[in-house]
Chemist: 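Got a structure for you, written out below as structure tokens; questions coming shortly.
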Amino acid sequence: MRSLATLALGAALMTLPVQAASVFSPEEWQSYLAAYVSEDGRVIDTANGNISHSESQGYGLVLAALAEDRASFDRILDFTRDELLIRDDGLAAWRWEPDADPHVTDTNNATDGDMLIAYGLLLAGDLWKEPAFTEAAAAMARTIGRTMLVSADGLPAILPGGKGFAGGDNTAGQPILNPSYWVFEILPRFDALDPVIDWTAVGAAGIELLHRAAATPAGIPGDWVVLAGGGIGPAPDFPAEFGYNGIRIPLYLMRAGLDPALLEPFRARASSAGLFKIDLSTGSAIEPISEPGYRLIQAAMECTATGQTIPEELRTLQTTSYYAATLQLLMLDHLRRQRPACLGLEAKP
Amino acid sequence: MRWIAVTLCVLAGTGLGVAATLHSAWVPPAAAQSPMPAATAPAPTASGVQTSITQTAADPVRVAQADTQPAAAPQPDETALRYFAQQGDTVRLQREIDRLRALYPTWQPPADPLANDFVPDQSIVRIWDLVTAGDFAGARAAIDEKKAADPTFVPTADLMETIQRGEAGTRLRNASDAGQFDQVISIAANAPELLTCASVDNLWRLAEAFLKTSAKQRGIDAYSYILTNCTDVAERFATIQKAMELLDRADLTPLFALEKNAEFASLRLDLARRAIAAALQDGGASPSNDDIDLLTKSAEAEKNADDLRLLGYLHLDRHRPNEAKRLFEAALAADPSAASAQGLGVTLVQLNNPAAAEAALADYRDENDEIAKVYRDAAAATLAREPRVAVSETVLSRIVETAISTSDAGLSQELGWYAYAFNQPQTALEWFQTALGWQADLEPAAYGLMIAANALGNAAQVEEIRRAWGGRSVRIAQFGNLSTVSAPNAAVPLPKPRPAHLGQVQTVRVVQQQPAPRQTQQAAAPSGGGGGGGSCQTYRPPASLSPGGALTHAWCLMDLNRPAQAVDHFGRALDSASEATRSDAAYGRALAYIRLGLADEAAVAAAAAPVTQKRAIELQTAILTLKATSAYGAGNYQLALAMLDSRGSFAPERNDLLTLRAWSYYHLKRYREAERIFEAVAATGYGDAVSGLEASRSSLRSIQSP
């Protein structure tokens, strides 16, 4: 199983898109900036008390690079560097609150945020031929690879943060993991940057985790999980739910060009009514996840599986909330480049 | 040149890891294209480089707003150049000319840089406005905007350096606020231009980062740098204040040595104050005489009541009550307050002048709970003076008022003894009853009640008290039994067949001959080694002593066989932060209760803090011994036997206790068992068993014969 997964990831490496000109329209990118990015480069989580975090800054950097907007990239990076990249280890403090003093209210890191920041720097280094950005990304990738990986039931897994996830008696000593922290498209890039760390094996572990989840009643993993005895279960002290974290997994799978079969369990848990938070113990729906940005992920899965084109109203950015809009832009970026037919467009030459 | 020295020191002293690499990788490209002033030597002026660095930041703004000269698009921006010229800073003027020449080979510097013919570029003015407002992101955006509009535009080195320095300063502050001290050091090492007197906050934060990452000497060096080079008086003062928060006294010495014009005098006083306050903590080291002299001189000159009181308590703690009295009197004069009166009152009690203490405290006794307690202690000591002294009507009435308003059982009990001493047994009886009403388990009050009732000839009440208390108090159980030896821990009172009657008349007479039966009785039997008792002859309220001092005092009281007072002092010692002191206090308090014959209280006291196994066994044995003899005295022979059985698991039974056991059997009519034990004990030559043996045999015969 594991070797198959590795093969699948290896294949993905071959199909990763070579970045061409931005596929965002100036209007939709401007609307994203106007809605979520402040003058001083802070990417604001509007549904979450207008705080910022390493994840929002990381997404902002990635999107600014995909938008090929150097000025926005610079200001988002300035904020990220001056306000969050202040940890002794060079990773980002994860939480920044506008009304707190000091603004950083938790110096713990969030590893996906760190990975996204490094990835944004990598894309920017490629695009604008700035070795300084690439070097900075490499330094972060090295630190992440050396300090934020952990053995989980024998697999090389991504530790969600430096503190608080090592597990204990109630997890039989196994770490607590977040499957949506496997941003699959980043892993081959890190692998190339740092030969010491086997990031391909980390990617394979992420896929193994999805295979294990497929064998559970719900078929999909919880937002927070523990691996043990060849299986997977919800992490104690977290809701046993698939929710807003996990919703990113199919997006990341599609962007990385991984085996479409991996999408099937996620597709099966959606319905004509859309996506849902799922109770893992019963597999039943708890509440809908209904903003257009999320519904686009479902529609993209349908198109990938059946060729059904994506509804008109999901084809352009709708700035309902920071998180939904961010995922929608990442999904649109993929579809416009790789699957224009899903959007009713001619394939680009 | 000193500026460079510290820069090198910082750079050399940093273990640069990933973070430093990361940072150095992040020199923004726009800045990297421009010559960096930080890379060139700062102007070597004698007055200190850091000042000129500051001016760099502010220069071009003012120039840009003030000067006028048309600027053609391909022409370099002469804003900074004109400013340096106006300032007469020829070194920086030449450097700016060289820089512009390198960028614009065809450009000629103005013949007269001071000519008033310069029109400021409003877009540059706007950029500088943003920079000075701290909006570095806005400034970068404005630069990008200007570059887009004018592709030939190259921002000046000063501008880029100022932005970078501002951003690095932000990072340094954020990392410092987040406690990421390695990162602080790393940022400072990569941006030494941050480390100037003009931005002394950065230097303070760097010093803190060094000290918090175990690089103490570098931290001291950073403070020394400030005190050697920076001139702002308030900032120099704050520098020492910050150092005092983070460094030990010895490490502060070289920093104080950099004082100019006695600017740190008040901070030296602070240090002395801290040393003296620390000395008053449990186990605190003695302050130096210099510290004491320094603070005393200042306190007396300034009439600083806080300092006068602090010094007063120091002298009190060091057993110099006369000196303490002088200081507290000065404090009271400077600041007539509860705090001052309390110190004076405590001192006067220690000087064995409780009446003066009572008088000093009286006006403030309702101000807070602490002084109220000290007042009641002083009042109690005033009443208890030996030989007895009558107190004035005024004083007595306020003591009575206090006892009633605070429901103080101890003070009430003391009023009882006072009345008793002046032959008012009925009044005494009422006070003892009042005390017991407020604190039902107050044994001294019960004892007083018994004595007062006895003096009033109320035998029924005497016996009622004996019934109620006999099991808890040996002296109450054995009241009137003249053969009883006091100090029950020294030897268990020899048990006798419990007599039907006590020699009450005789007891009353004895008691009446001695106005203060409690004190007399206590003083009558000093148990071994009373020689060291001198230091606790005078009463000191427990609250006036440190826990450690109270412990010493309590043991001294035990030597004088004053267990009732020792209980309170051991209680104060239990407040200690030291586990050893608390353990010793719990042990001593339990011993004191045992000596008072209060077994239950002793058991509770023993549990107040962990004691050693050996002491626990000793206490347990003594408590059970006490319970056995009390039970026996109260006629509860089953209980006496049960207590002896329990005691047997801790220690072997001595002859006196074997005899007690045998008498218990005897009273339970288990004559055979009694006989067997009496026989065995008598065989060891223990004469007291002989009468028991005879009594047992006689009883056996009498039940066998009919």
Side-chain angles (χ1 to χ4, degrees), chain A residues 37-42 69-96 100-109 114 117-118 121 124-125 128-147, chain B residues 14-33 130 133-148 163-188 190-191 194 205 209 212-213:
Chain A
V37 183
S38 72
E39 271 297 309
D40 59 350
R42 185 163 85 83
D69 176 355
R70 177 63 187 266
S72 296
F73 182 90
D74 282 349
R75 69 183 158 127
I76 295 170
L77 180 59
D78 279 349
F79 183 90
T80 309
R81 183 196 54 200
D82 294 345
E83 299 293 328
L84 298 184
L85 285 164
I86 56 169
R87 281 167 52 98
D88 284 344
D89 64 1
L91 300 183
W94 84 272
R95 185 178 176 90
W96 193 100
D101 183 18
H103 291 301
V104 170
T105 53
D106 188 349
T107 53
N108 202 7
N109 70 314
D114 294 323
I117 291 169
L121 284 164
W128 293 302
K129 312 269 183 291
E130 292 286 6
F133 289 154
T134 310
E135 279 172 43
M140 288 188 77
R142 281 193 294 269
T143 303
I144 296 166
R146 281 157 178 74
T147 60
Chain B
T14 320
L16 298 178
V18 172
T21 319
L22 186 59
H23 183 92
S24 57
W26 276 9
V27 176
Q33 291 161 9
L130 290 166
D135 182 358
F136 306 114
R140 283 194 188 277
I143 289 169
D144 287 343
E145 213 170 280
K146 187 165 170 58
K147 274 181 180 169
I163 291 174
Q164 272 177 263
R165 185 172 59 224
E167 289 175 339
T170 302
R171 290 194 75 208
L172 187 143
R173 278 189 297 282
N174 286 334
S176 168
D177 284 344
Q180 304 292 305
F181 299 114
D182 289 340
Q183 185 67 269
V184 171
I185 294 168
S186 172
I187 293 165
N190 280 297
L194 290 173
R205 288 173 183 272
K212 297 232 168 124
T213 52

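Convention: sequence-line order gives letters A, B, ...; per-chain numbering from 1.
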Chemist: Go through the atoms of A71(A) and report whether side chain, backbone, both or neither lie under 4.5 Å from a heavy atom of chain B.
Modeler: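 When you check distances to chain B, atoms from both the backbone and side chain of A71(A) fall under 4.5 Å.
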
Chemist: Between A178(B) and chain A, which part of the residue has a heavy atom less than 4.5 Å away: side chain, backbone, both or neither?
Modeler: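 For A178(B), backbone and side chain are both near chain A.
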
Chemist: Quick one: which of I86(A), T107(A), T105(A), D101(A) has the most heavy-atom pairs under 4.5 Å with chain B, could you say?
Modeler: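 Between I86(A), T107(A), T105(A), D101(A), the count favours I86(A).
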
Chemist: Is it the backbone or the side chain of D144(B) that comes under 4.5 Å from a heavy atom of chain A, or both, or neither?
Modeler: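 The side chain, not the backbone.
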
Chemist: Going through the distances and angles, do L85(A) and R171(B) end up as a side-chain contact (heavy atoms from CB on, under 4.5 Å)?
Modeler: CA-CA 8 Å; L85(A) 285 164; R171(B) 290 194 75 208; 4.3 Å; yes

Chemist: Which heavy atom of D88(A) sits nearest a heavy atom of D182(B), and at what distance?
Modeler: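 Shortest heavy-atom contact: OD1-N, 3.0 Å.
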
Chemist: Which distance, rounded to the nearest 0.5 Å, do you find between the CZ of R81(A) and the CG of N174(B)?
Modeler: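 If I round to the nearest 0.5 Å, the distance is 11.5 Å.
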
Chemist: So which part of F136(B) gets closer than 4.5 Å to some heavy atom of chain A, the side chain, the backbone, both or neither?
Modeler: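 Neither part; nothing is under 4.5 Å.
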
Chemist: With W96(A), which residues qualify under ring-ring contact (aromatic ring centres under 6.0 Å, His included), at least two apart?
Modeler: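 If we apply the ring-ring contact (aromatic ring centres under 6.0 Å, His included) test to W96(A), skipping adjacent residues, the hits are F79(A), H103(A).
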
Chemist: Please answer whether the main-chain N or O of A137(B) pairs with a side-chain N or O of D40(A) as donor and acceptor at a distance below 3.5 Å.
Modeler: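 No.
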
Chemist: Can D74(A) and R140(B) be counted as an ion pair, charged N to O under 4.0 angstrom?
Modeler: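 No, this pair does not count.
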
Chemist: Does the side chain of Q180(B) reach to within under 4.5 Å of the side chain of D89(A), using non-hydrogen atoms?
Modeler: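 Side-chain contact under 4.5 Å: no.
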
